[in-house]
Amino acid sequence: KTGCITYDESYGNTGSCQSRITFIDGEKGILRYRGIPIEELAEGSTFVQAAYLIIFGKLPTETERLRFSGLLTKYQMIHEDMKFHFEGFPSSAHPMAILSAMINAAGCFLPELNTEYDAERFEIQAAHLLSQVRTLAAYAFRKSRGLPSIYPKKKYMFTENFLHMMFSEPDEDYELDPAVVDALDLIFLLHADHEQNCSTATVRMVASSKANLFASASAGVCALWGPLHGGANQAVIEMLKEIRADKDDGTLFLDKVKHKNHGAKLMGFGHRVYKNYDPRARIIKRKCDELLSKMGISDPLLDIAKKLEETALNDPYFIERRLYPNVDFYSGIIMRAIGIPTEMFTVIFAIGRMPGWIANYREVAEAGDSRIYRPRQIYQGPSLNHYVPLFER
Ligand code: SDX
């Protein structure tokens, strides 16, 4: 049955889930959205078209594309009263904390969310969320820098508008470099869905209780935040900066990792499913070289990353554990080149992942026989005990 977790002995207590959205073959390094290989989508699709594919199960016709883009434009503004919520955050607040809170706050301006799920209203709710997550993210960034909020503009496409809201000034629009727009749009596309990862499974878990779309997505943001998951792109850059500051060519760091020195990990490497090269990492690495060359940027962190990859891929420690670069290993280099601050990297991941969360929410909400997720446990606590009064303890 779609949507419910089945208890599967071979999976131990993690269970397994059925879905029609994304296919991964970890052994072969294959990723497909609704059956279409990620390489073909990266080559030919925009993020919004891939989002449509993931959410509605098919690539949009031109009419469908125009309609959906029109909805994203129509709902790009957040309610003006939302600004009061932003005022309440300290400038030091992490943007993922703000994003999670503000997604639920934005949902409060859609009263229909408090009623039973209505499939007829799904497209409008999805368009609200997918469009406004950009606005919320950009406002959070500008607020953290003490900068005035920049309103979205109807003339801009999805990713252009996000860059505009992030980097324009009240009296001067940010100059959109097509190479930068294309690179960020690709980053969003490559993050758009990824089967039952930690944050998507969280969205499905919350959706299974019949909570609304915004509540489920807000929970997904919290799960994504962790450095072992979406927070890894920020952790990779911090790791590369540390290696550079130590005037290390990576050798010392990899020794720390191999000796599990204070739990050191090669961030951006390894994956629960991929036991081969993450196909997204391969695409991002190429885009990295292309963008930095077009922008005339020579980033020492990219050189360190490439040296780490080359060394690790030939080191028995990593080979034995089948550890390869994942989507997070090179994505931060591109975001750095664009001028996105590291604390916003995981927010970029969340914007990209939104279509996958929306599609998975819908799959659970519309599965007629969907039951609440209730993973079982293997109890390892004490057997029968009895209460001991305080004065006897
Ligand atoms: C994402 O699930 C998804 O699909 C996620 C994602 C998505 O799109 O949603 O793909 C996005 O989260 C990518 C992963 C980003 N995280 C990182 O890059 C953080 C670094 N990676 C590791 O923390 C780790 O590889 C995980 C969390 C990604 C996977 O962990 P697993 O599957 O639980 O693997 P494990 O911890 O059981 O590791 C097996 C062995 C262990 O060594 P031994 O105990 O056998 O000696 O491999 C070692 C681990 O110590 N290992 C690493 C390592 N990852 C695993 N050693 C050093 N560096 C690493 N990165």
Side-chain angles (χ1 to χ4, degrees), residues 46-52 54-55 68-69 71-79 82-83 85-86 89 93-110 113 122-144 149-153 156-166 184-185 187-194 199-200 202-203 206-207 211-225 229-231 233 335 340 343-362:
T46 62
F47 168 64
V48 168
Q49 288 184 47
Y52 190 97
I54 288 166
I55 295 171
F68 191 60
S69 289
L71 290 175
L72 294 175
T73 301
K74 181 177 179 182
Y75 299 123
Q76 64 189 7
M77 288 290 288
I78 56 176
H79 193 288
M82 288 278 290
K83 292 227 166 134
H85 295 289
F86 281 101
F89 289 102
H94 195 288
M96 286 296 273
I98 299 174
L99 188 64
S100 173
M102 298 304 271
I103 285 174
N104 255 325
C108 295
F109 292 90
L110 265 180
L113 290 175
F122 168 77
E123 185 187 34
I124 302 295
Q125 293 171 13
H128 266 89
L129 180 55
L130 182 58
S131 190
Q132 291 182 2
V133 68
R134 287 175 299 174
T135 314
L136 296 171
Y139 279 27
F141 165 66
R142 303 277 301 181
K143 165 83 174 57
S144 72
S149 308
I150 300 294
Y151 285 44
K153 285 188 173 175
Y156 287 135
M157 302 300 281
F158 188 94
T159 301
E160 291 174 340
N161 231 337
F162 175 69
L163 288 165
H164 158 66
M165 290 187 278
M166 282 282 288
L184 185 56
D185 198 75
I187 292 259
F188 286 148
L189 185 151
L190 293 174
H191 286 80
D193 193 43
H194 208 244
S199 52
T200 300
T202 300
V203 168
V206 175
N212 68 57
L213 172 62
F214 283 59
S216 303
S218 173
V221 170
C222 295
L224 186 71
W225 190 356
H229 189 12
N233 50 25
M335 292 190 267
I340 293 169
E343 71 272 17
M344 285 292 288
F345 284 6
T346 311
V347 172
I348 299 297
F349 192 145
I351 295 171
R353 185 52 51 89
M354 200 52 80
W357 290 342
I358 291 169
N360 277 272
Y361 173 87
R362 181 187 194 190

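Positions are given from 1 along the sequence. Keep in mind that the numbers below use all heavy atoms, side chains included, and drop hydrogens, waters and symmetry copies. Since this is a predicted model, take the numbers as computed values, not measurements.
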- [ ] Evaluate the side-chain proximity of Phe158 to Ile351: yes if any heavy-atom separation is below 4.5 Å, no if none is.
- [x] yes
Task: Parallel, tilted or perpendicular: rings of Tyr156 and His164 (30°, 60°) - done: tilted
Task: Atom pair CD1/CE of Ile348 and Met166 - distance to nearest 0.5 Å - done: 6.0 Å
Open item on the list: Looking at Lys74, I want to see if its NZ is surrounded by more than 12 non-hydrogen atoms of other residues, nucleotides or ligands under 6.0 Å.
Closed with: no
- [ ] Without swapping roles, check the side chain of Ser218 against the backbone of Ser100 for a donor-acceptor pair under 3.5 Å.
- [x] yes
Open item on the list: Determine whether a donor-acceptor pair (N or O, by modelled atom type, separation under 3.5 Å) exists between the side chain of Thr73 and the backbone of Ser69.
Closed with: yes
Open item on the list: Measuring from atom CZ of Phe214 to atom CD of Gln125, what distance do you get when rounded to the nearest 0.5 angstrom?
Closed with: 7.0 Å
Task: Residue list, side-chain hydrogen bond (donor to acceptor under 3.5 Å, both in side chains) with Ser144, at least two apart or on another chain - done: none
TODO: Heavy atoms only: give me the nearest Ala223-His229 pair and the separation to one decimal.
DONE: O-CD2, 3.7 Å
- [ ] Mind listing the closest non-hydrogen atom pair of Val203 and Ala217 along with its distance?
- [x] CG2-CA, 4.4 Å
Task: Contact summary for Ala127 and Phe68, nearest pair of heavy atoms - done: CB-CE1, 4.5 Å
Open item on the list: Taking the side chain as everything from C-beta on, heavy atoms only, tell me whether Ile340 gets closer than 4.5 Å to Leu184.
Closed with: yes
Task: Flag side-chain contact, heavy atom, 4.5 Å: Thr200 against His194 - done: no
Task: Beyond-backbone contact of Met82 with Tyr139, side-chain heavy atoms, under 4.5 angstrom - done: no
- [ ] Measure the spacing between CZ of Phe349 and OG1 of Thr346 and express it to the nearest 0.5 Å.
- [x] 8.5 Å
Task: Step-by-step side-chain contact (heavy atoms from CB on, under 4.5 Å) determination, Leu136 to Phe86 - done: CA-CA 9 Å; Leu136 296 171; Phe86 281 101; 4.1 Å; yes
Open item on the list: Are Leu130 and Pro355 packed together at the side-chain level, in the sense that at least one heavy-atom pair is separated by less than 4.5 angstrom?
Closed with: yes
- [ ] Please name the pair of heavy atoms, one in Thr46 and one in Leu189, separated by the smallest distance, quoted to 0.1 Å.
- [x] O-CD1, 3.6 Å
Task: Check: Phe122 and Ile55 side chains under 4.5 Å, non-hydrogen atoms - done: yes
Open item on the list: Tell me whether the rings of His128 and Tyr75 are parallel (<30°), tilted (30 to 60°) or perpendicular (>60°).
Closed with: parallel
Task: Rounded distance (nearest 0.5 Å) linking atom CE of Met157 with atom CG of Asp185 - done: 9.0 Å
Open item on the list: Which residues pass the side-chain hydrogen bond (donor to acceptor under 3.5 Å, both in side chains) test with Glu160, not counting sequence neighbours?
Closed with: none
Open item on the list: Which heavy atom of Met102 sits nearest to which heavy atom of Phe89, and what is that distance?
Closed with: SD-CE1, 3.9 Å
Open item on the list: With heavy-atom distances below 4.5 Å as the criterion, would you say the side chains of Met77 and Thr135 are in contact?
Closed with: no
- [ ] Report the distance from atom CG of Leu99 to atom CG of Asn104, rounding to the nearest 0.5 Å.
- [x] 10.5 Å
- [ ] Measure the acute angle between the ring planes of His79 and Phe109, then classify it against the limits of 30° and 60° as parallel, tilted or perpendicular.
- [x] parallel
Task: Side-chain touch Phe188/Arg134, heavy atoms, less than 4.5 angstrom - done: no
Open item on the list: Could you measure the distance from the CG atom of Leu129 to the CD1 atom of Ile103? Nearest 0.5 Å is fine.
Closed with: 6.0 Å
Task: Non-hydrogen atoms of Ala219 and Val206 that approach each other most closely - done: CB-CG2, 3.6 Å
Open item on the list: Checking the side chain of Arg142 only, and the main-chain atoms of Ile150 only, is there a donor and an acceptor separated by less than 3.5 Å?
Closed with: no
